[in-house]
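This report refers to the structure that appears directly beneath it.
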Amino acid sequence: MTTERPAPPLTGGEREMLRTFLDFHRATLAMKCDGLSDEDLRRASSPPSTLSLLGLVRHMAEVERTWFRRVINGEDIPLRWSPEGDFQAAYDASSSTRAEAFEAWQAEVEQSRKIEEAAESLDVTGYQARWGEDVSLRLVMLHMIHEYARHNGHADFLREAIDGVTGA
């Protein structure tokens, strides 16, 4: 599997920039996982941390689900891997497979894209219960870019520790 990564535009409108940079970071996470077996993807390759690439993919599925579907779209749905709302549960990929994790993540990304594209503007708001505040779609897009960039840094170290591959 070889992931295609979009090149963010050098000029353009705010929404196009946010959308493309978010897709760039989504693709970067997928690229970090390219060519690895389920066992490699489950490997906690930077002890004592138990973090794995597959755990990151599962976590980002929860993050997409929460910010776009639960916050912006107002859907009353549980987390995928914890009906009790424990975000840490997604990190436990010990019995997960690439197929299971990537199917969930890609489904959530597609839902996120539909919600963002259907929104009238970046000023659309949703309620973030953890903060007790309304937040804009603009904030959600920026927060998602931040989340992916942060976790892609983790993915850099995890991948290099597995097989020495760097870059992306």
Side-chain angles (χ1 to χ4, degrees), residues 3-33 41 46 49-93 96 100-159 168:
T3 302
E4 298 277 332
R5 185 167 59 180
L10 301 178
T11 62
E14 179 184 21
R15 196 161 184 175
E16 176 190 6
M17 288 277 196
L18 291 173
R19 184 183 290 150
T20 308
F21 267 93
L22 181 52
D23 281 339
F24 174 88
H25 283 291
R26 288 168 172 153
T28 298
L29 180 59
M31 289 174 74
K32 292 295 175 184
C33 299
L41 290 168
S46 293
S49 173
T50 59
L51 190 61
S52 70
L53 287 168
L54 212 52
L56 285 177
V57 171
R58 288 167 46 106
H59 171 69
M60 291 312 298
E62 294 289 32
V63 173
E64 294 270 0
R65 183 179 185 89
T66 295
W67 283 98
F68 286 97
R69 294 180 67 185
R70 294 172 68 175
V71 173
I72 293 298
N73 227 30
E75 295 178 39
D76 184 18
I77 55 174
L79 296 177
R80 278 188 170 266
W81 289 283
S82 175
E84 300 81 32
D86 179 7
F87 276 92
Q88 298 304 308
Y91 286 118
D92 180 7
S96 187
E100 176 260 347
F102 272 81
E103 181 180 310
W105 178 55
Q106 289 166 346
E108 293 302 335
V109 166
E110 286 308 309
Q111 286 298 314
S112 297
R113 285 183 178 128
K114 287 178 185 173
I115 292 164
E116 182 271 320
E117 288 169 2
E120 184 177 303
S121 77
L122 292 171
D123 295 323
V124 166
T125 61
Y127 184 70
Q128 173 40 285
R130 289 178 75 186
W131 298 351
E133 299 280 344
D134 285 335
V135 297
S136 69
L137 177 58
R138 178 180 291 101
L139 177 130
V140 169
M141 299 286 285
L142 288 166
H143 181 76
M144 292 300 297
I145 291 166
H146 163 81
E147 276 282 320
Y148 275 101
R150 190 173 137 237
H151 289 310
N152 284 338
H154 299 135
D156 284 338
F157 287 114
L158 293 167
R159 178 63 190 253

Atom [atom1] in [X], atom [atom2] in [Y]: separation rounded to 0.5 Å?
X: Ile115; Y: Trp67; atom1: CD1; atom2: CH2; answer: 13.5 Å
X: Glu108; Y: Arg65; atom1: CD; atom2: CZ; answer: 4.5 Å
X: Leu137; Y: Met141; atom1: CG; atom2: CE; answer: 6.0 Å
X: Asp23; Y: Glu4; atom1: CG; atom2: CD; answer: 13.0 Å
X: Leu142; Y: Met144; atom1: CG; atom2: CE; answer: 11.5 Å
X: Phe68; Y: Lys114; atom1: CZ; atom2: NZ; answer: 14.0 Å

Measuring only between side-chain heavy atoms, which start at C-beta, is [X] closer than 4.5 Å to [Y]?
X: Leu29; Y: His25; value: no
X: Leu79; Y: Arg70; value: yes
X: Met17; Y: Pro9; value: yes
X: Thr28; Y: Tyr148; value: no

Indicate yes or no for a side-chain donor-acceptor contact from [X] to the backbone of [Y] under 3.5 Å, with no hydrogens or angles considered.
X: Arg58; Y: Asp92; value: yes
X: Arg5; Y: Ala30; value: no
X: Asp86; Y: Gln88; value: yes

For [X] versus [Y], what's the shortest heavy-atom pair and its separation?
X: Arg80; Y: Ala107; value: NH2-CB, 3.9 Å
X: Ile72; Y: Ser136; value: CD1-C, 4.1 Å
X: Ala27; Y: Pro6; value: CB-CD, 4.0 Å
X: Arg26; Y: Ser112; value: NH2-CB, 3.7 Å
X: Leu158; Y: Ser52; value: CD1-C, 3.8 Å
X: Ala7; Y: Thr20; value: O-CG2, 3.8 Å

Sidechain N-carboxylate O distance under 4.0 Å for Arg15, Glu116: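 Looking at Arg15 and Glu116, the cut-off is met.
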Can you establish whether the number of heavy atoms outside [X] located under 6.0 Å from its atom [atom1] is more than 12?
X: Tyr127; atom1: OH; answer: yes
X: Glu120; atom1: CD; answer: no
X: Glu75; atom1: CD; answer: yes

His151 and Tyr91 aromatic ring geometry - parallel, tilted or perpendicular at 30°/60° bounds: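 Ring orientation, 0 to 90° scale: perpendicular.
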Ring geometry between Trp105 and Phe102 (parallel below 30°, tilted from 30 to 60°, perpendicular above 60°):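 Perpendicular: the ring planes of Phe102 and Trp105 meet at over 60°.
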Working for side chain to side chain contact (heavy atoms under 4.5 Å, CB included), residues His59 and Glu147: CA-CA 10 Å; His59 171 69; Glu147 276 282 320; 3.5 Å; yes
Which pairs would a plain distance check flag for residues 128-135, meaning a side-chain donor or acceptor within less than 3.5 Å of a matching protein atom at least two apart in sequence or in another chain?
from: Gln128; atom 1: OE1; to: Arg130; atom 2: N; distance (Å): 2.9

